[in-house]
Amino acid sequence: MPERNVVSWTVMVSGLAKLGELEEAKRVFESMPERSVVSWNAMLSGYVQNDLPEECLLLFNEMLNLGVRPNESTWVTVISACASKGDFQVARSLVHQLQKSRVNLNIYVKTALIDIEGDVQSANELFNRMQTKDVISWNTMISGYAQHGQWTQAIELFKEMSTLKDMKPDTVTMSSVIAACGHLGILEFGRWVVDYIAENQIGLNLSGYNSLIFMYSRCGSLEEAKRVFEEMPKRDVFSYNSLISGLAANGDGLEVLKLLMKMKNELIEPDAITFIGILTACSHSGLVDEGLTVFETIKCPTIDHCACIVDLLGRAGRIDDAKRMIDEMPMRPHSGVYGALLNASRIHKCVDLGEFAAQELFELEPENSGNYILLSNIYASDRRWEDVEKLRKMMRERGVLKMVGASWLEFHGKIHRFVAGDRSHCQLDEIYRVLEDVGNRMRAMGYIADRNCVLRDVEDEEKEEMLRAHSEKLAVGFALLVMEMGAVIRVVKNLRICEDCHLFIKMVSKLEGRVIMVRDNNRFHCFKDGKCSCNDYW
DNA sequence: TTAGGGTTAG
C-alpha cells in the first residue's frame with residue numbers, strides 16, 4: 001500500500017488474530033510505527049479469542065504502564081478475559097480500577113460485568129440498575145443464574161423477559177432455559193417451553209438441541225431424548241454426553257456401549273465426561289468386564305474415572321478388587337473414591353472395609369452426615385446396635401445429626417406432605433391397607449421383614465427415632481405410589497431414595513409387574529422386575 | 001480498525 005496508516009495496520013492485527021494467526025498478528029502489532037487504543041484493543045481481543053486470557057492481561061498491564069488510556073472496548077475485553085479465566089481476584093481489581101478511571105459504563109461494559117462478578121447478587125443489582133438492556137444483557141443474567149445453580153431464578157427471569165414487548169428471547173436464551181428445566185426436572189414446563197419456541201419461531205442451534213437432549217434425559221424421558229438426538233442435523237460431544245448420562249441413570253448399559261461405537265464412527269472424540277457416563281452405565285447394569293475394558297482405553301484417566309471403577313467393582317461384589325484399585329491408583333483418593341467403597345461395603349455388608357472407608361471420609365469431609373448414616377446402616381445390618389449408638393453419639397457431638405422433619409412428594413400436580421408418625425393424610429386407611437398387603441406379600445416371598453421392612457414394628461425408643469423418621473414416612477408416601485401406579489412421583493423436598501424405600505419400591509415393582517419411575521434429588525430412578533437402574537443389590 | 005450472552009457427568 002502506498003499509504004499505510006494506523007487503521008490499516010490495526011485491520012491487519014485484527015484480521016490475523018481472527019484467523020488464529022496469533023504470532024503473525026503479534027509481529028505486525030509490534031512493528032507498528034504508531035498505535036491507537038483501537039490497535040491495542042485488537043491485539044487484546046485477539047488473545048481472548050484465541051483462548052489466551054493471561055496474555056491479554058499481561059498486555060493490558062503493559063498498555064497501562066505505557067500510559068495508554070483504556071476505552072470502553074478495552075475494559076470489555078479485559079473483563080471477558082477474566083471471565084474465561086474465572087479469575088475473580090483480578091476481576092475485583094479491574095472493577096476497582098474501572099471505578100477510579102471514571103470511564104462511561106455503556107451496555108457492553110455492564111453486560112461484561114454481569115458476566116464476570118461471580119457474585120450473583122451484585123450482578124443482579126447491576127442488571128436491575130441498567131436503563132437500557134438488550135437481549136444479550138438478559139441472556140447474560142439468565143445464564144448467570146443458571147451457572148450458579150439458581151435455575152428457578154433463571155426461569156423466572158425468562159418469564160419476565162417473555163412478557164416484554166420489545167424483547168425477543170433468542171436461541172441462546174432458550175438453551176439456558178431448557179437446560180434449567182432439565183436441572184429442575186420440570187418436564188411439563190419444559191414441554192411448554194418447547195411449544196413456546198415453535199410458536200415464536202425461534203430456531204434451535206446445536207446448543208439448543210443439546211439442552212433438549214439433556215432436559216429429556218434428566219426428566220427420565222429417554223425416548224424423547226433419543227428422538228431429538230436422531231433428528232438433529234449434527235451432533236457433538238455434548239449431544240452424546242447428555243444422552244449417555246441419561247441412559248446411564250436409567251441403567252441402560254448396552255445402549256450406552258452402542259453409542260460409544262457410534263460416536264467413534266462419527267469421529268467424535270469422547271472426553272472425560274463421556275467416560276464417566278459410560279463407566280456409570282456399566283456399573284449400574286453390572287457390565288463389569290465391559291467397564292474394565294473401556295477403562296483401559298482411556299488415555300488420561302482421572303481420579304473420577306478411578307472412583308467409577310471402584311464403584312463398578314464394589315457394586316458387583318468384587319469388593320477386594322475395589323480396595324486393591326484404591327491401593328494401586330497413582331493419585332491421592334478423594335471422597336468420591338472412598339464414598340464408592342463405603343457404598344459397596346453397605347451393599348455387601350462388609351463391616352471392615354466399610355469402617356476403613358468411613359474413617360477416611362470422616363477425615364476428608366467430617367460434616368457430611370451421609371457417611372455416618374451409611375456406616376450406621378452397615379452396623380445395623382450386622383445387628384451391632386452398640387456401634388450404631390456410638391456413631392449416633394459421634395454425630396451428636398460433631399453436630400452433624402440432622403433429623404429430617406418432613407418430606408414432600410408431588411404427583412398428579414398435588415403436593416403430599418409426610419411426617420414421621422403422621423396420621424393426618426386423607427387416604428390414611430387405604431395407605432396402611434396397601435402397606436400391610438405389600439408387607440405380607442414380601443414376607444410370603446421369604447423376605448426378612450426386619451429393618452428394611454416398612455411395616456416393621458419399632459421396639460425401643462432409640463431405634464424408633466432412627467427408623468421411623470426414615471422408614472415410616474417413606475412407607476406412607478410410597479404406599480400412595482402403589483395406589484397411583486403409573487404416575488411419576490416427584491420428590492419435592494428432603495426425601496432421598498434411601499435403603500428403606502429402595503427395597504420397598506423394588507418389591508412393589510416386582511409384585512405389581514410394573515415399571516416405576518421415581519425422581520430423587522432431580523434424578524430419575526427406574527425400577528422394574530425388582531431391580532433398580534442404579535443397580536444396588538440389597 | 002476494537003468490545004458483551006448459551007449446552008454435558010458421578
Side-chain angles (χ1 to χ4, degrees), chain A residues 5-15 17-18 35-46 48-49 70-81 83 105-116 133-144 146-147 154 169-180 182-183 204-215 217-218 236-246 248-249 270-281 283-284 302-305 307-308 310-312 334-337 339-340 343 523 534:
Chain A
N5 58 19
V6 66
V7 174
S8 52
W9 280 92
T10 306
V11 172
M12 285 302 291
V13 172
S14 160
K18 283 199 171 80
R35 296 173 194 148
S36 68
V37 62
V38 177
S39 328
W40 285 90
N41 292 347
M43 195 62 231
L44 289 170
S45 102
V48 178
Q49 282 160 18
N71 69 6
E72 291 150 315
S73 302
T74 321
W75 286 106
V76 171
T77 306
V78 292
I79 293 168
S80 73
L105 299 188
N106 65 12
I107 190 168
Y108 286 83
V109 183
K110 285 178 182 165
T111 303
L113 283 173
I114 292 171
D115 190 42
I116 180 56
K133 300 176 199 141
D134 62 12
V135 64
I136 298 184
S137 325
W138 282 88
N139 289 351
T140 305
M141 193 61 236
I142 289 172
S143 75
Q147 279 158 24
D170 66 7
T171 175
V172 175
T173 323
M174 301 327 291
S175 295
S176 298
V177 172
I178 297 166
H183 282 287
L204 286 185
N205 57 14
L206 185 57
S207 298
Y209 281 115
N210 288 345
S211 300
L212 261 186
I213 296 172
F214 170 70
M215 179 184 84
S217 287
R218 282 293 297 255
D236 67 0
V237 68
F238 283 73
S239 333
Y240 274 92
N241 288 356
S242 295
L243 187 58
I244 285 173
S245 304
D271 65 8
I273 296 176
T274 320
F275 285 117
I276 287 175
I278 292 165
L279 296 178
T280 306
S283 185
H284 288 181
T302 67
I303 182 94
D304 294 332
H305 298 128
C308 289
V310 172
D311 184 62
L312 176 87
H334 62 13
S335 58
V337 175
N343 189 43
R523 274 232 158 257
C534 76

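Every chain is numbered from 1 and lettered A, B, ... according to where its sequence line falls, protein lines coming before strand lines.
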Inset, instruction - Would you state whether a donor and an acceptor, one from the side chain of A:Asn205 and one from the base of B:dG6, lie under 3.5 Å apart? - result: yes

Inset, instruction - Could you check which of B:dA9, B:dT2, B:dT7 has an atom nearest any side-chain atom of A:Ser14? - result: B:dT2

Inset, instruction - Mark yes or no for a side-chain to base donor-acceptor pair under 3.5 Å between A:Thr111 and B:dG4, with no hydrogen or angle criteria applied. - result: yes

Inset, instruction - Ignoring backbone atoms, test whether A:Thr10 places a side-chain nitrogen or oxygen under 4.0 Å from the OP1 or OP2 oxygen of B:dT2. - result: no

Inset, instruction - Could you check whether A:Leu243 gets within reach of a base, just the sugar-phosphate, or nothing at all, counting any heavy atom under 4.0 Å? - result: nothing

Inset, instruction - Verify the contact: side-chain N or O of A:His284 to OP1 or OP2 of B:dG10, cut-off strictly under 4.0 Å; return yes or no. - result: no

Inset, instruction - Kindly say whether, by distance alone, the side chain of A:Asp134 makes a donor-acceptor pair under 3.5 Å with the base of B:dG4? - result: yes

Inset, instruction - Quick one: label A:Asn106 by what it contacts on the DNA or RNA (base, sugar-phosphate, nothing), any heavy atom closer than 4.0 Å. - result: base

Legend entry - Rounded distance in Å - CG (A:Asn41) to P (B:dA3): 8 Å

Inset, instruction - Could you please name the option among B:dT2, B:dA9, B:dT1 that lies closest to any side-chain atom of A:Ser73? - result: B:dT2

Legend entry - Polar side chain donor-acceptor pair, A:Thr74 to A:Thr77, under 3.5 angstrom: no

Inset, instruction - Find the distance A:Phe214:CZ to B:dT7:C1' and express it as a whole number of Å. - result: 9 Å

Inset, instruction - May I ask you to verify if any side-chain N or O of A:Gln49 is less than 4.0 angstrom from the OP1 or OP2 atom of B:dT2? - result: no

Legend entry - Student check: side-chain heavy atoms of A:Asp304 and A:His334 closer than 4.5 Å: yes

Inset, instruction - Name the orientation class of the two ring planes belonging to A:Phe275 and A:His305 (parallel below 30°, tilted from 30 to 60°, perpendicular beyond 60°). - result: perpendicular

Inset, instruction - Considering just the side-chain nitrogens and oxygens of A:Arg218, establish if one lies under 4.0 Å of OP1 or OP2 belonging to B:dT8. - result: no

Inset, instruction - Look at all strands and tell whether A:Asp236 reaches a base, only sugar-phosphate, or nothing, counting heavy atoms closer than 4.0 Å. - result: nothing

Inset, instruction - Tell me what A:Thr171 touches on the nucleic acid: a base, only sugar-phosphate, or nothing, going by heavy atoms under 4.0 Å. - result: base

Inset, instruction - Please check the phosphate of B:dT2 (OP1 and OP2 only) for any side-chain N or O of A:Lys18 closer than 4.0 Å. - result: yes

Inset, instruction - Provide the closest heavy-atom pair for A:Ala154 versus A:Ile142 in the form atom of the first, atom of the second, distance. - result: CB-O, 3.6 Å

Inset, instruction - Would you classify A:Ser39 as touching base, sugar-phosphate or nothing, given that sugar-phosphate means primed atoms plus P, OP1 and OP2, and contacts are heavy atoms under 4.0 Å? - result: nothing

Inset, instruction - Starting from P on B:dG10, measure out to CD1 on A:Ile273 and report it in whole angstrom. - result: 10 Å

Inset, instruction - Looking at every strand, decide which applies to A:Val11 at a 4.0 Å heavy-atom threshold: base, sugar-phosphate, or nothing. - result: sugar-phosphate

Legend entry - Pair of N/O donor and acceptor under 3.5 Å linking B:dG10 base with A:Asp304 side chain: yes

